[in-house]
Amino acid sequence: MNEEIVEKIAENTGSESETAEEKKLTTWLIFSIAEKKYAVRSRDVLEIIRDASVYKLPFMPPYIEGVMNRRGDPFTVINPRQLIGEDDTTPPKEPLFLILKRDDDQLSIHISDILFFTDMAESDLNLIPGNNEEGFFIGTLGYGGEEIPAMNMNAFETLIRKDLGFA
């Protein structure tokens, strides 16, 4: 009798921990680039800056707009439209930038607008099968009846290192 009770408790405990893991929430920042929505994990963003000047750099790949000064530190500004298959690759007119949280580099992404933050279960992220570190998207998030591409922020640094000969 006691063994049956112990087994039932063990079974119930296991299913509760699985349910708790499934419900682990991640906060996503939903933003736009040229009227299209994109998502990034909020933990990958250090800061959002508006009205910063970008200083052009010579001899850089076309997706590098230049550098911006953030409290005395230079941050490389990336125009993602050059990389994600947009027809119009001109940088957004709005001076709005996501400063990425990086341990070893200082990167920012030029975006058009901040739309909202949302908490979603990790299971809501539809991963791209066979994707690697160089892919600009890790998958899509289903939100409000639409699929929002989730960006892989590591891919930008990987590409820059490769193009500038540091990889």
Side-chain angles (χ1 to χ4, degrees), residues 21-50 52 54 56-57 59-68 70 73-167:
E21 283 181 23
E22 288 175 15
K23 291 185 180 181
K24 182 178 177 183
L25 297 178
T26 299
T27 302
W28 292 87
L29 166 60
I30 310 301
F31 60 96
S32 67
I33 300 172
E35 306 299 322
K36 292 184 182 176
K37 293 179 185 174
Y38 296 94
V40 64
R41 287 183 179 98
S42 64
R43 69 175 178 242
D44 292 338
V45 177
L46 179 65
E47 188 174 1
I48 300 166
I49 294 181
R50 183 175 297 279
V54 177
K56 303 280 183 208
L57 295 174
F59 313 113
M60 289 288 118
Y63 60 87
I64 296 179
E65 284 185 44
V67 295
M68 77 164 57
R70 179 186 166 266
D73 292 325
F75 276 74
T76 303
V77 178
I78 298 169
N79 174 6
R81 295 175 81 174
Q82 293 274 343
L83 302 170
I84 58 177
E86 291 283 328
D87 293 333
D88 180 11
T89 58
T90 56
K93 293 177 184 170
E94 302 81 3
L96 185 61
F97 307 91
L98 296 181
I99 302 295
L100 303 181
K101 190 181 293 182
R102 313 292 306 163
D103 292 333
D104 57 351
D105 213 344
Q106 295 174 309
L107 297 176
S108 64
I109 304 293
H110 196 163
I111 65 170
S112 299
D113 198 9
I114 298 294
L115 301 176
F116 57 90
F117 287 88
T118 185
D119 290 329
M120 299 183 81
E122 277 293 322
S123 59
D124 291 336
L125 176 62
N126 303 313
L127 294 173
I128 297 173
N131 198 13
N132 60 23
E133 281 292 312
E134 295 181 5
F136 293 112
F137 300 103
I138 55 176
T140 61
L141 294 171
Y143 186 85
E146 62 183 322
E147 292 291 318
I148 301 172
M151 292 186 127
N152 174 11
M153 292 299 157
N154 292 329
F156 296 107
E157 180 180 350
T158 302
L159 180 63
I160 290 172
R161 289 184 179 281
K162 181 177 153 187
D163 285 350
L164 298 181
F166 296 116

For [X] and [Y], which heavy atoms make the closest approach, and how far apart are they?
| X | Y | result |
| --- | --- | --- |
| Ala121 | Leu25 | N-CD2, 3.6 Å |
| Glu147 | Gly142 | OE2-CA, 3.7 Å |
| Lys56 | Glu65 | CD-O, 3.4 Å |
| Ala150 | Leu125 | CB-CD1, 3.9 Å |
| Ile128 | Gly139 | CG1-CA, 3.7 Å |
| Gly135 | Ala155 | O-CB, 3.3 Å |

Exercise. Got a sec, which residues hit side chain to side chain contact (heavy atoms under 4.5 Å, CB included) with Arg70, two or more places apart in sequence or on another chain?
Worked result: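 Listed in chain order: Leu46, Glu47, Ile49, Phe75, Ile99.
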
Exercise. Just wondering, more than 12 heavy atoms not from Lys36 lying within 6.0 Å of its NZ?
Worked result: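 Open.
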
Exercise. So with a 6.0 Å cut-off around CD of Glu35, is the heavy-atom count from everything else above 12?
Worked result: no

Is the shortest heavy-atom distance from the side chain of [X] to the side chain of [Y] under 4.5 Å?
| X | Y | answer |
| --- | --- | --- |
| Val40 | Ile109 | no |
| Leu96 | Phe31 | no |
| Pro61 | Ile160 | no |

Value rounded to 0.5 Å, distance of [atom1] in [X] from [atom2] in [Y]:
| X | Y | atom1 | atom2 | value |
| --- | --- | --- | --- | --- |
| Phe156 | Arg102 | CZ | CZ | 10.5 Å |
| Ile64 | Leu164 | CD1 | CG | 5.5 Å |
| Met68 | Gln106 | CE | CD | 11.5 Å |
| Arg50 | Ile114 | CZ | CD1 | 8.0 Å |
| Met153 | Arg41 | CE | CZ | 10.5 Å |
| Ile111 | Leu98 | CD1 | CG | 4.0 Å |

[X] side chain to [Y] main-chain N or O, any donor-acceptor pair under 3.5 Å?
| X | Y | value |
| --- | --- | --- |
| Thr118 | Trp28 | no |
| Asn152 | Asn154 | yes |
| Ser108 | Thr76 | yes |
| His110 | Ile33 | no |
| Ser42 | Thr27 | yes |

For this session: Could you check Tyr38 against Phe136 for ring pair (Phe, Tyr, Trp, His ring centres under 6.0 Å), going step by step and ending with a plain yes or no?
Result: CA-CA 11 Å; Tyr38 296 94; Phe136 293 112; over 10 Å; no

